[in-house]
Amino acid sequence: VGKAVAEIIPDLDKLLSLAHGKPEKIFQSELPYKRNDDTRRVFLVRIAIEMIGEEDKGAVLTFDDITELQSAQRKAAWADVARRIAHEIKNPLTPIQLSAERLKRKYLSQISVDPETFSKCTDTIIHHVGDIGRMVNEFSAFARMPEPIMHTENLSNHLKDTLILQQQAHPDITFKMSGMEKDTAPVFAHIDSQQIRQAVTNIIQNAIDSIEARIEKQRNNNENILPGQIDIIMSKRKETGETLVCVVDNGLGLPRSEDPANLTEPYVTHKEKGTGLGLAIVKKIMEDHQGRIVIGTPGWLKSVKGWRDTGGATVTLILPQMAADDKTGATKVQKKTMES
């Protein structure tokens, strides 16, 4: 109140000038808006000039928040594309792989000149067919994301289980857990546990890929190689009661040429072999849980216990505060667990 509207949304200044220049027309445009909590919205703004006779008395502005509508339209369009791509690619993959494996088994022993090249070529075919198969699975997962089946779950245990698997698969990377220590009370949340594990796994895999790319870059430049480090922090945000799952790595960091908000759009990727669907799937999962994903480090996140700047990227999954009845159920589960 009392401020010029252009101070709040600067892009409106030009639209207002155009509208006052042609008062007989109604102007409309889509305007992005960044809120104080670092979330982004898109408004459809319409401007009608109020005229009394020949006198311009001011403007009437209406704002429609079309963020979710746009997001749903894009998801529907990309899901259709993903479904078609998966269908067309999947059919020939199995015969290609079986043919390569059969060639290797049947003819490798019969080749006397340069058998290594033959073996290497067939292995390359099999390897890349596997890569394509994994991409197709991502397309299929994005095209047919199931509705979540929500239960009150021990989020701490699910995170620990996910991290144990990652530690075993990547012993060269140090994983540091914060907020999940033995003497820390478990955190309960109303979630689809399978989907939340999938979301966390996707984020951690991105961190691992970024670390490996950074190490490869340092190796090529003959630089000192910094060991991989991934911090996983679980915390409660006091101001809102929300649950945070924060993944911090010391990889290459976020791409400087891209707005972080765009990284969750389907098929936006900066990885050589990426499909651009991992973060899109994570965003869909979080939206279905009434939560959100935050890419980057807003000011409030720096005060979260356990967070530190490792020189890489930070991605945070935010789950909403549980309702009172869910908390009661969680307390019963917690008491039963402690008793047993």
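Predicted model only: the values in this text are computed from it and were never measured.
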A.B. asks: Ser210 and Gly253: which non-hydrogen atoms are nearest, and at how many Å?
C.D. replies: OG-N, 3.8 Å
A.B. asks: Quick one: closest heavy-atom pair of Leu226 and Gln218, and the distance?
C.D. replies: N-OE1, 3.2 Å
A.B. asks: Could you state whether Val248 and Trp300 fall into the same hydrophobic cluster, counting links through intermediate Ile, Leu, Val, Met, Phe, Trp or Tyr residues with side-chain heavy atoms under 4.5 angstrom apart?
C.D. replies: yes
A.B. asks: Begin from the C-alpha positions of Asn250 and Arg214 and carry the test side-chain contact (heavy atoms from CB on, under 4.5 Å) through to its verdict.
C.D. replies: CA-CA 9 Å; Asn250 67 342; Arg214 188 259 300 158; 3.3 Å; yes
A.B. asks: What class does the angle between the rings of Phe43 and Tyr33 fall in, given that below 30° is parallel, 30 to 60° is tilted and above 60° is perpendicular?
C.D. replies: tilted
A.B. asks: Table please: side-chain donor-acceptor pairs of residues 8-17 below 3.5 Å, with sequence neighbours left out.
C.D. replies:
| unit_1 | atom_1 | unit_2 | atom_2 | d |
| --- | --- | --- | --- | --- |
| Ser17 | OG | Asp13 | O | 3.1 |

A.B. asks: Can a side-chain donor-acceptor contact be found between Asp209 and Gln205 if the only test is distance below 3.5 angstrom?
C.D. replies: yes
A.B. asks: Going by heavy atoms in the side chains, are Ile203 and Leu279 under 4.5 Å from each other?
C.D. replies: yes
A.B. asks: State, yes or no, whether a side-chain contact exists between Leu319 and Leu155 at a heavy-atom distance under 4.5 Å.
C.D. replies: yes
A.B. asks: Nearest 0.5 Å, please: how far is OG1 in Thr201 from CG in Asn206?
C.D. replies: 11.0 Å
A.B. asks: When clusters are formed from ILVMFWY side-chain contacts under 4.5 Å, directly or step by step, what else is grouped with Val60?
C.D. replies: none
A.B. asks: Could you check Ile49 against His20 for side-chain contact (heavy atoms from CB on, under 4.5 Å), going step by step and ending with a plain yes or no?
C.D. replies: CA-CA 7 Å; Ile49 301 302; His20 283 294; 3.5 Å; yes
A.B. asks: Can you check whether Met234 reaches Ser156 side chain to side chain, under 4.5 Å on heavy atoms?
C.D. replies: yes
A.B. asks: Rest of the hydrophobic cluster containing Tyr107 (Ile/Leu/Val/Met/Phe/Trp/Tyr, side-chain heavy atoms under 4.5 Å)?
C.D. replies: Leu103, Leu108, Ile111, Phe118
A.B. asks: Answer yes or no: is there a side-chain heavy-atom contact under 4.5 Å between Ile191 and Gln195?
C.D. replies: no
A.B. asks: Give a yes or no on whether the backbone of Asp249 and the side-chain of Thr310 come within a donor-acceptor separation of less than 3.5 Å.
C.D. replies: yes
A.B. asks: How far apart are the closest heavy atoms of Gln321 and Thr240, and which atoms are they?
C.D. replies: OE1-O, 3.4 Å
A.B. asks: Please say yes or no: joined through hydrophobic side-chain contacts below 4.5 Å, possibly via intermediate residues, are Val247 and Met177 part of one cluster?
C.D. replies: yes
A.B. asks: Do Val187 and Met150 share a hydrophobic cluster, counting only Ile, Leu, Val, Met, Phe, Trp and Tyr and linking them when any side-chain heavy atoms are less than 4.5 Å apart?
C.D. replies: no
A.B. asks: If you define the side chain from C-beta out and look only at heavy atoms, does anything of Val315 sit under 4.5 Å from Ile293?
C.D. replies: yes
A.B. asks: Is Glu287 salt-bridged to Lys284, cutoff N-O under 4.0 Å?
C.D. replies: no
A.B. asks: Between Arg197 and Asp161, is there a side-chain N and carboxylate O pair less than 4.0 Å apart?
C.D. replies: no
A.B. asks: Measuring from atom CG of Asp231 to atom CZ of Arg308, what distance do you get when rounded to the nearest 0.5 angstrom?
C.D. replies: 4.0 Å
A.B. asks: So Val304 and Cys246, side-chain contact (heavy atoms from CB on, under 4.5 Å) or not? Walk me through it.
C.D. replies: CA-CA 10 Å; Val304 170; Cys246 187; over 6 Å; no
A.B. asks: Evaluate the side-chain contact (heavy atoms from CB on, under 4.5 Å) criterion for residues Leu317 and Thr243: first the C-alpha distance (whole Å), next the side-chain angles of each, then the deciding distance (0.1 Å), finally the verdict.
C.D. replies: CA-CA 8 Å; Leu317 305 180; Thr243 299; over 6 Å; no
A.B. asks: Give the minimum heavy-atom separation between Thr67 and Arg41, together with the two atoms involved.
C.D. replies: OG1-CA, 3.3 Å
A.B. asks: Can you give me the closest heavy-atom contact between Pro186 and Asn154, atom names plus distance?
C.D. replies: CB-ND2, 3.5 Å
